[in-house]
Protein chains: 2
Amino acid sequence: MSEPTGLRARKKERTRDAIGDAAVSLFLERGFDGVSVNDIAAAAEISKPTLFRYFPTKEDLVLHRFADHQGEAARVVRDRRSGIKPVTALHRHFRAGLDGYDPVTGLNDHPEVVAFHRLVFTTPSLAARLTRYQLEDEEALADALGEGIQARLQAAQVLAVQRVLARTNWQKIADGRTARDVHPEAVTDADQAFNQLR
Amino acid sequence: MSEPTGLRARKKERTRDAIGDAAVSLFLERGFDGVSVNDIAAAAEISKPTLFRYFPTKEDLVLHRFADHQGEAARVVRDRRSGIKPVTALHRHFRAGLDGYDPVTGLNDHPEVVAFHRLVFTTPSLAARLTRYQLEDEEALADALGEGIQARLQAAQVLAVQRVLARTNWQKIADGRTARDVHPEAVTDADQAFNQLR
DNA sequence: GTTACTCGGTTAAAAAAGCAACCCGGTCAA
DNA sequence: TTGACCGGGTTGCTTTTTTAACCGAGTAAC
């Protein structure tokens, strides 16, 4: 099933994970600006140049978790079964994320996850960089949807919807509610939003 | 206190330990000839050339634990306090090893240690290589003792004594007795042997 | 009696990592 | 105002590791 991973690939992935995990846990502990890249490199037991070989900027040390979902929307559209409309496929995918309490839907009450979201949303440079990721995502989705202004508009709207839904869910959880408790209204919100898109 | 270990040195040491540990545990499990160097490299998650960069031959994967004590006798003689005769210093050092149940004295009943000794003593190529290590050790000790045939003879005798004592202890433990039980007679054996050397 | 393994060990080239030194913009103090 | 740090990144050079291919000896199959 899984590709025949050589030693090289396996170790690279491990190093990447080690850096990312060390970074996030330090950030959650002392805040984005309270941690230097030197600290992270030391914690991950790698050198500074190596760190920057894996992550181009300090921000990416946080956002790689979003970056890993990069292009997901476009993929969902491309891989949909024939006869299914793009928006429907995206709707179902989001719904599945909700049911699985996927962190990207905002519907996850693990303390670490909610702290992580707070970190991202309350650190300006991170929020800024995040929107850049979302723009790239939007372009990819637009390409998957077709050409012309119609596709671009729809892509923008879909991602805007997802963004709002995720933030809404996260906000409710940040206010102290549990994911299971919020789940029903998250579903109806999503149904309503996606239905309006059609 | 401890040397300023850079990343490089730290990782090298870890890699070496990983290889050595993987090798020994596989050998104990399936015997020296039941394990290929490829198996060991795979278990240690390194490539075959890397393995041979750390250990020149397959035998050394086992014997590095002895190699780590290489030159110890010579060092004991050189570092003895003034007024102490070499044989006395070596005697006291061996006695201290006995009291600390140092594996090199054979007086250690940890299952892993006794299995390890059996592995070494019952695998011809290992036993052969081990005597080569002991010869080097002997030369170093001879140099520490002085020059001429006198020093060489004494070095050979001291190491022969230690070898016999260690094997005797190990044999008793291999027969099922505990190290603590064997300890008193190990001490009297050592006292007798070293006294005869003077 | 080839052929085709396996196993210990080596080689050459290329990828990756380490190290030290550096650039640039900020900040704080003399 | 200068000068000395510290922060995020970068640059070159060296060391380490992976990879794939190979050698030479043994050995089992046909």
Side-chain angles (χ1 to χ4, degrees), chain A residues 3-24 26-27 29-64 67 119 123-130 132, chain B residues 3-20 22-24 26-27 29-64 119 123-130 132:
Chain A
E3 307 92 58
T5 58
L7 272 178
R8 202 116 84 186
R10 217 157 59 230
K11 289 187 176 178
K12 271 180 95 162
E13 209 175 315
R14 273 215 271 275
T15 303
R16 198 185 160 78
D17 287 350
I19 300 173
D21 290 352
V24 169
L26 282 178
F27 285 149
E29 201 179 312
R30 323 210 295 252
F32 187 69
D33 294 319
V35 182
S36 77
V37 293
N38 282 307
D39 296 337
I40 297 165
E45 303 208 272
I46 49 135
S47 68
K48 195 163 63 151
T50 299
L51 187 155
F52 282 108
R53 244 176 247 127
Y54 280 88
F55 297 93
T57 72
K58 189 185 181 186
E59 283 77 27
D60 291 288
L61 286 166
V62 179
L63 298 178
H64 72 278
L119 174 73
T123 308
S125 61
L126 287 178
R129 184 106 184 173
L130 182 54
R132 267 213 28 231
Chain B
E3 309 94 57
T5 55
L7 273 177
R8 212 117 81 179
R10 219 158 55 230
K11 290 187 177 178
K12 268 180 100 159
E13 209 175 315
R14 273 214 274 274
T15 301
R16 198 187 161 79
D17 288 350
I19 300 173
V24 169
L26 282 178
F27 285 148
E29 200 180 314
R30 323 210 296 253
F32 186 70
D33 294 320
V35 183
S36 78
V37 293
N38 281 307
D39 296 337
I40 297 165
E45 304 209 270
I46 48 130
S47 68
K48 195 163 61 152
T50 299
L51 187 154
F52 282 108
R53 259 171 41 75
Y54 280 87
F55 298 92
T57 72
K58 189 184 181 186
E59 282 79 25
D60 291 288
L61 287 166
V62 180
L63 298 178
H64 72 279
L119 174 72
T123 307
S125 61
L126 286 179
R129 183 107 185 170
L130 181 54
R132 266 213 31 231

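Letters go in sequence order (proteins before strands), and every chain restarts at 1.
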Contacts under 3.5 angstrom, residues 123-130 of chain B side chains, donor-acceptor by atom type, not counting sequence neighbours:
| residue | atom | partner | partner atom | Å |
| --- | --- | --- | --- | --- |
| B:T123 | OG1 | B:L119 | O | 2.7 |
| B:R129 | NH2 | B:D60 | OD2 | 3.0 |

Summary of salt bridge (charged side-chain N to carboxylate O under 4.0 Å, His left out) pairs that have at least one residue in residues 32-44 of chain A, sequence neighbours excluded: A:R30-A:D39
A:K58 NZ/CZ over A:F27 ring centroid, <6.0 Å and within 45° of normal: no
Covered region of DNA chain D, 5' end to 3' end, by chain A [heavy atoms, under 4.0 Å]: D:dG8 to D:dT19
Distance, rounded to the nearest Å, where B:I46 contributes CD1 and C:dA16 contributes P: 19 Å
Distance in angstrom units between A:L51 CG and C:dA16 P, rounded: 16 Å
Pairing residues for B:F55 by the ring-ring contact (aromatic ring centres under 6.0 Å, His included) criterion, not counting sequence neighbours: B:H64
Quick one: which protein N/O atoms are closer than 3.5 Å to N/O atoms of nucleotides 4-10 of chain C? Pair and distance per line, please.
| residue | atom | partner | partner atom | Å |
| --- | --- | --- | --- | --- |
| C:dG8 | OP1 | B:K58 | NZ | 2.7 |
| C:dG8 | OP2 | B:V37 | N | 2.9 |
| C:dG9 | OP2 | B:K58 | N | 2.7 |
| C:dG9 | N7 | B:K48 | NZ | 3.0 |
| C:dG9 | O6 | B:K48 | NZ | 2.6 |

A:R8 or B:A9, whichever maps to the more 5' nucleotide of DNA chain C: A:R8
Residues in salt bridge (charged side-chain N to carboxylate O under 4.0 Å, His left out) contact with B:R14, at least two apart in sequence or another chain: A:E45
Distance test, side-chain N/O of A:Y54 to OP1/OP2 of C:dA16, below 4.0 Å: no
Nearest non-hydrogen partners of B:A23 and B:L61, listed with the distance: CB-CB, 3.9 Å
Residue pair A:K12, A:T5: steps toward the side-chain contact (heavy atoms from CB on, under 4.5 Å) verdict: CA-CA 11 Å; A:K12 271 180 95 162; A:T5 58; over 6 Å; no
Atom of B:S47, atom of A:L7 and distance for their closest heavy-atom approach: N-CD1, 3.5 Å
Separation of C:dG18 C1' from A:K12 NZ (nearest whole Å): 16 Å
